[in-house]
There are 2 protein chains.
Amino acid sequence: MAVAEDYVELVADLLREEGEARSVDIARRMGVAQATVAATVTRLQRDGLVATKPYRGIFLTEAGQAMASAARERHELVVRFFLTLGLDRATAEADAEGVEHHVSEATLEAFARFLAERKDMA
Amino acid sequence: MAVAEDYVELVADLLREEGEARSVDIARRMGVAQATVAATVTRLQRDGLVATKPYRGIFLTEAGQAMASAARERHELVVRFFLTLGLDRATAEADAEGVEHHVSEATLEAFARFLAERKDMA
DNA sequence: AGCAGATATTAGCCTAGGCTATGTTTTGGA
DNA sequence: TCCAAAACATAGCCTAGGCTAATATCTGCT
């Protein structure tokens, strides 16, 4: 069950990696039906996060880009944190997905502090 | 947005603390309308997690008790982990709620390992 | 140029969790 | 005892995320 932010994040990734974000790729990468992508994109558009040119892919608005880079930062912080705790990459990535939308700033800062301390020790 | 497991957990808490779990208390504690509790309880009953005696409160089935104690264990593990990371109690409790349903066993084990190591050091 | 296959859209349906408003039952206190 | 307040139930609606099936559009290849 992906959340809006995950879609935005993925659109950003696809734009960076492939140069364009097509629904078919989003569907494949998220393991979801194309119709689901269409519905979600409609919501994202309504919320001013993406713009679409029909049959020409999906683009991020300013707000969408801001959300994507914030999400990306959070995602990477959580993944690094999990890796440091000794999780394998796959689990770290998967669980970060589940966690990053549900923790407060305070907790993210605690993760960051932990990483900083760990680095000092190494 | 509470999830079924949260309701089961709360029913267990209420039964322990108050001796009975009434919808009105569930609604108050979860900050949710009574009608929402009624709907959720119907689902929990359908799924064999609780039984109700109308106007006599809600009870846990075997399966419900199993879920509740597993949830409780997870919850406490996550809270202890967050406290050890330096979070205040309120944040730890709140964020644990968000996290405990979204991490794998492997991650919970990593949390437990971390706590065990920390204890050795103290 | 035209058509087949890829891609996108639309319609219609589902589930979990929410809400308000409107009944019903129960129950405790005068 | 009986009745009002508290508790519970029901109806109707909403949203985010899912699905399938059917339709429309586009694009690349012959």
Side-chain angles (χ1 to χ4, degrees), chain A residues 1-11 13-15 17-60 63-64 67-68 71 94 97-102, chain B residues 1-11 13-15 17-60 63-64 67-68 71 94 97-102:
Chain A
M1 187 70 86
V3 84
E5 211 166 68
D6 296 320
Y7 283 88
V8 171
E9 222 176 323
L10 179 51
V11 169
D13 287 351
L14 286 170
L15 286 172
E17 292 169 22
E18 320 276 345
E20 62 176 351
R22 283 145 70 248
S23 337
V24 68
D25 294 323
I26 296 176
R28 194 169 33 72
R29 294 260 288 241
M30 302 239 318
V32 126
Q34 281 191 35
T36 299
V37 173
T40 304
V41 166
T42 300
R43 284 197 298 274
L44 296 178
Q45 206 162 1
R46 177 201 61 192
D47 297 344
L49 295 164
V50 307
T52 61
K53 304 187 194 165
Y55 294 90
R56 281 282 166 284
I58 295 147
F59 304 88
L60 293 175
M67 174 180 280
E97 207 62 63
V99 161
E100 59 189 83
H101 307 300
H102 296 92
Chain B
M1 188 70 86
V3 83
E5 210 166 67
D6 296 320
Y7 283 87
V8 170
E9 221 176 324
L10 181 50
V11 169
D13 287 351
L14 287 169
L15 286 172
E17 290 169 23
E18 320 276 346
E20 62 175 352
R22 284 145 69 249
S23 337
V24 68
D25 294 323
I26 296 176
R28 194 169 32 72
R29 295 259 287 239
M30 301 240 318
V32 128
Q34 280 190 33
T36 300
V37 173
T40 304
V41 167
T42 299
R43 284 197 299 274
L44 296 178
Q45 206 162 0
R46 176 202 62 192
D47 296 343
L49 294 166
V50 307
T52 60
K53 304 187 195 166
Y55 293 91
R56 281 283 167 281
I58 294 147
F59 304 87
L60 294 176
M67 174 181 280
E97 207 62 64
V99 162
E100 61 188 85
H101 306 300
H102 296 92

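In the text below, chain A, chain B and the rest are named by the order of the sequence lines, each starting its count at 1.
- Interatomic distance, OH of A:Tyr7 versus CG of A:Leu49, reported as 14.0 Å (0.5 Å rounding).
- Across all their heavy atoms, B:Gly48 and B:Ala63 have their closest contact at O-CB, 3.8 Å.
- How far CG of B:Leu10 is from OG1 of B:Thr40: 11.0 Å, rounded to the nearest 0.5 Å.
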In residues 24-36 of chain A, what donor-acceptor pairs under 3.5 Å come from side-chain atoms, sequence neighbours left out?
residue, atom, partner, partner atom, Å
A:Asp25, OD1, A:Arg28, NH2, 2.8
A:Asp25, OD2, A:Arg22, NH1, 2.7
A:Arg29, NH1, A:Glu17, OE1, 3.3
A:Arg29, NH2, A:Glu17, OE1, 3.4

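- Applying the salt bridge (Lys or Arg N to Asp or Glu O under 4.0 Å) test to every pair with at least one member in residues 46-55 of chain B, sequence neighbours left out, gives no pairs at all.
- Residue A:Glu9 holds its CD atom at 5.0 Å from CD of A:Glu100, rounded to the nearest 0.5 Å.
- Across every non-hydrogen atom of B:Val8 and B:Gly64, the tightest pair is CG1-O, 3.4 Å.
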Show me the protein contacts with nucleotides 24-28 of chain D, counting only N or O atoms at under 3.5 Å.
residue, atom, partner, partner atom, Å
D:dT25, O4', A:Tyr55, OH, 3.2
D:dT27, OP1, A:Arg56, NH1, 2.4
D:dT27, OP1, A:Arg56, NH2, 2.5

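- Nearer the 5' end of DNA chain C, as judged by each residue's closest nucleotide, is the contact made by A:Gln34, out of A:Gln34 and A:Met1.
- Taking each heavy atom of A:Glu5 and A:Ala71 in turn, the nearest pair found is CG-CB, 4.0 Å.
- Among residues two or more places apart in sequence or in another chain, the ring-ring contact (aromatic ring centres under 6.0 Å, His included) test is passed with B:His102 by A:His102.
- Proximity of residues 20-33 of chain B to DNA chain D (heavy atom under 4.0 angstrom from any strand atom) is restricted to B:Arg22, B:Ser23, B:Val24.
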Between B:Met67 and B:Leu60, is the side-chain contact (heavy atoms from CB on, under 4.5 Å) condition met? List the steps. CA-CA 9 Å; B:Met67 174 181 280; B:Leu60 294 176; over 6 Å; no

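- Contacts of residues 35-51 of chain A with DNA chain C (heavy atom under 4.0 Å): A:Ala35, A:Ala38.
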